[in-house]
2 protein chains.
Amino acid sequence: MDRRLPTLSDVARRAGVSYATADRVVNARGGVAEKSVLRVRAAIRDLGYVRNVAAANLSQGRLYRFAAILPNGTNAFFGRMRALFEGAARSLLTERVELTVETVEAFDPAALVRRLEKLAEDCIDGIAIVGSDADEVAEAIGALRGQGIGVVTLVSDVPGSDRDAYVGIDNVVAGRTAGRLIALAHGGQAGRILPVVGALSARDHAERLAGLRDVVAGNLSLAPEIEGRDRHDIVEAGVARALKADPEITAVYSAGAGNAGLIRVVEALPGTRPVVVLHELVPHSRRALEAGLIDIVIDQRPEEGVARVIDGLRQLADRRGPIIAEPIVPTIYVRENLPPASNDPETGKTT
Amino acid sequence: MDRRLPTLSDVARRAGVSYATADRVVNARGGVAEKSVLRVRAAIRDLGYVRNVAAANLSQGRLYRFAAILPNGTNAFFGRMRALFEGAARSLLTERVELTVETVEAFDPAALVRRLEKLAEDCIDGIAIVGSDADEVAEAIGALRGQGIGVVTLVSDVPGSDRDAYVGIDNVVAGRTAGRLIALAHGGQAGRILPVVGALSARDHAERLAGLRDVVAGNLSLAPEIEGRDRHDIVEAGVARALKADPEITAVYSAGAGNAGLIRVVEALPGTRPVVVLHELVPHSRRALEAGLIDIVIDQRPEEGVARVIDGLRQLADRRGPIIAEPIVPTIYVRENLPPASNDPETGKTT
DNA sequence: TTGTATGCGTTATCAC
DNA sequence: GTGATAACGCATACAA
């Protein structure tokens, strides 16, 4: 019933060598006679030996040190993500991993690079950052990796960098999904979609818009997109103007943030409202969904992102091979499948 | 840079007691003077001590033994789930957990109970089963729990049992979600929805149907449901007949299995096809989505289910407190957001 | 009530 | 090339 798993001592005995020699083989330290290597390998196979990672880490006194760097500011989505990281940090202490969550000025690649350089001196095992499109960031990542520090990008990738993995959704796919749902909601009827983005220069927003374009066909068309700079006041003004100017608009797809403004416009609209699809489940989008002001929220599931980042960094630190990086499939929320509202005991915020 | 985390020895020294006394306090073994308890507690707080689980498990030579019992048969969904469990079993060996995946005759509570009883004698730490509505199963679960064996139900719950957790989707919510998406696709137009279930006596199917009913309102109505016994031939015949008999039907919601039959009917349909929403991403539903024969697949993400089951069982075995059991939020797939088709190297099947 | 000693399976350091 | 052996932090049997 309680048969013990074979240990390296068992292997050594079976192979007729000392423990140390067996260890040299499994850890590829070299300096072992070919003959011994073969005998140890055979013993490992016969016994079905698997290395006990817990014991290994214990003997090394291994302590993982990871850092996550998020943009500062009041953005609801990153607020949620920060809370998730901080929660993870607490529970990870039990497992000997120390996760520090830092914030850095948003949209400021230079600041990010400075922070990365400081962390590099800090004897850290792995770092997660929210990518941006700057070459200097790509270079900094290269430098970190050169020092053996694992780097994963989160939410937004850093093109041209050799980060270990990107953890996030495929934004083109997300845009196409939005387009498909909007098309479905038109049921073959004609319509015109108003796209709202933060900025076309933002890679993720541009990709989502491109995805939307991929799907729009037939008697659906696209209105000129609004650049709302992710600010709710600008979004509000822009959307209000566009809807007034073009009564043919039957749907709005917001690929960026600042959706509180969009929601206000919809709320104030007389008559039937357009189909509305937007991104990220945060307090105001949740309320709008519950109130029937919008139809769909595409959420990139920061919980899963955070979990994958931590798993990935640990895997890298253990040199257990490269990270498998399937994109995260975002969740599609309608009014009916919202997760139970969880009141975060830390921040008091409703998620 | 590499400051060591405090150990229980540090705590003991700081508290001015022996290691064993400190241990008695942290593990609540009793038989310690109140004064010592307080001093140890204070030292723990001051030092920020956290128990090293890896070391603890090592010293105990702990080896988790879990079992998962799935229904047999050729059902595509459970085939996928079995593959996932088997893959997990392989990679878990590294972490000292042994997971055996067994199958038992489907729809046969007695067979399940017999299997459970056998496992109980087998010195196992935790079991995952696909629930069914039978009292005998609930009793068997109670017996297992009484022996300190963790039990989680998967995909389908066992009502009235005191299992440690149910890991799966909320089927009422799933039905409501389907209803909402169908309503969205009607865009205010009138329509009639044809529900297809395996059997109304199946709890999960009934719940999904109830969820659908919750949402249907206004100028949408429900056709009488078809019971397809989860068999594609029966589903095919039933749906074909219903569609022929009632040309007013504008949508089909299939809450159960046997959808290959539904897909065949849709494929053969002249003119515009109804909106089709069904459950579980398996090879045939994936192909139908890609071919534009159906609109939405609601997938309960067996990957996440499996991961949660294992985490949960381990947590129980460690007595780290009860499982937190938020329902799994199913993924909604349209044609555009399908995950990359992965060819399972084990089975050769395309997922 | 309290304290000491041993072993868990690995890594790493030393001596042969 | 090879072989002993001391940590690592914890649980536990045993001694006081």
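Just so it is clear, the values below take in all heavy atoms, side chains as well, and ignore hydrogens, waters and symmetry mates. Order of the sequence lines sets the chain letters (A, B, ...), proteins ahead of strands, with each chain counted from 1.
Taking side-chain N and O atoms only, B/Gln60 has no distance below 4.0 Å to OP1 or OP2 of D/dC10. Within the structure, every side-chain polar atom (N or O) of A/Ser9 is placed at least 4.0 Å from both OP1 and OP2 of C/dG9.
The distance from atom OH of A/Tyr19 to atom P of D/dA7 is 16 Å, rounded to the nearest whole Å. Between the C1' atom of D/dT2 and the CD atom of A/Glu34 lies a distance of 16 Å, rounded to the nearest Å. Rounding to whole angstrom units, CG of residue B/Leu58 and C1' of D/dA7 are separated by 13 Å. Rounded to whole angstrom, the span from the CG atom of A/Asn27 across to the C1' atom of C/dT13 amounts to 15 Å. Taking atom CG of A/Asn52 as the reference point, atom C1' of D/dC10 lies 14 Å away to the nearest angstrom. Distance, B/Arg29 CZ to D/dT12 P: 5 Å, rounded to whole Å. Between A/Asn57 atom CG and D/dA7 atom C1' there is a gap of 15 Å when expressed in whole angstrom units. Counting to the nearest Å, the P atom of C/dC8 and the CG atom of A/Asp10 are 10 Å from each other.
Nucleic acid contact for B/Ala33: sugar-phosphate only, since backbone atoms but no base atoms lie under 4.0 Å from a heavy atom of the residue. Residue contacts for B/Asp23: at a heavy-atom cut-off of 4.0 Å it reaches a base atom on one of the strands shown. Among the heavy atoms of the strands, none lies under 4.0 Å from B/Val53.
Each of B/Ser59 and B/Gly16 has a nearest nucleotide on DNA chain C; the 5'-most of these lies closest to B/Gly16. Taking the nucleotide of DNA chain C with the nearest heavy atom to each of A/Thr7 and A/Ala20, the more 5' of the two is matched to A/Thr7. Remark on DNA chain D: of its neighbouring residues B/Arg24 and B/Ala56, the 5'-side contact belongs to B/Ala56, judged by nearest-heavy-atom nucleotide.
Results of the side chain to side chain contact (heavy atoms under 4.5 Å, CB included) test with B/Arg65 over B/Asp122, B/Val97, B/Thr100 single out B/Asp122 as the only residue that passes.
Using a 4.0 Å cut-off between charged side-chain N and carboxylate O, A/Arg13 and A/Asp10 make a salt bridge.
Among the nucleotides C/dT2, C/dT11, D/dG3, the one closest to any side-chain atom of A/Thr21 is D/dG3. When each of D/dC10, C/dT2, D/dG3 is scored by its nearest atom to the side-chain atoms of A/Val17, the top-ranked nucleotide is D/dG3.
Side-chain atoms of A/Ile310 and A/Leu99, non-hydrogen and from C-beta on, do get closer than 4.5 Å to each other. Contact annotation: the side chain of B/Arg308 never approaches that of B/Val152 to less than 4.5 Å [non-hydrogen atoms, C-beta and beyond].
Summarising the local packing, CZ of A/Arg41 is surrounded by 12 or fewer heavy atoms from other residues, nucleotides or ligands at distances under 6.0 Å.
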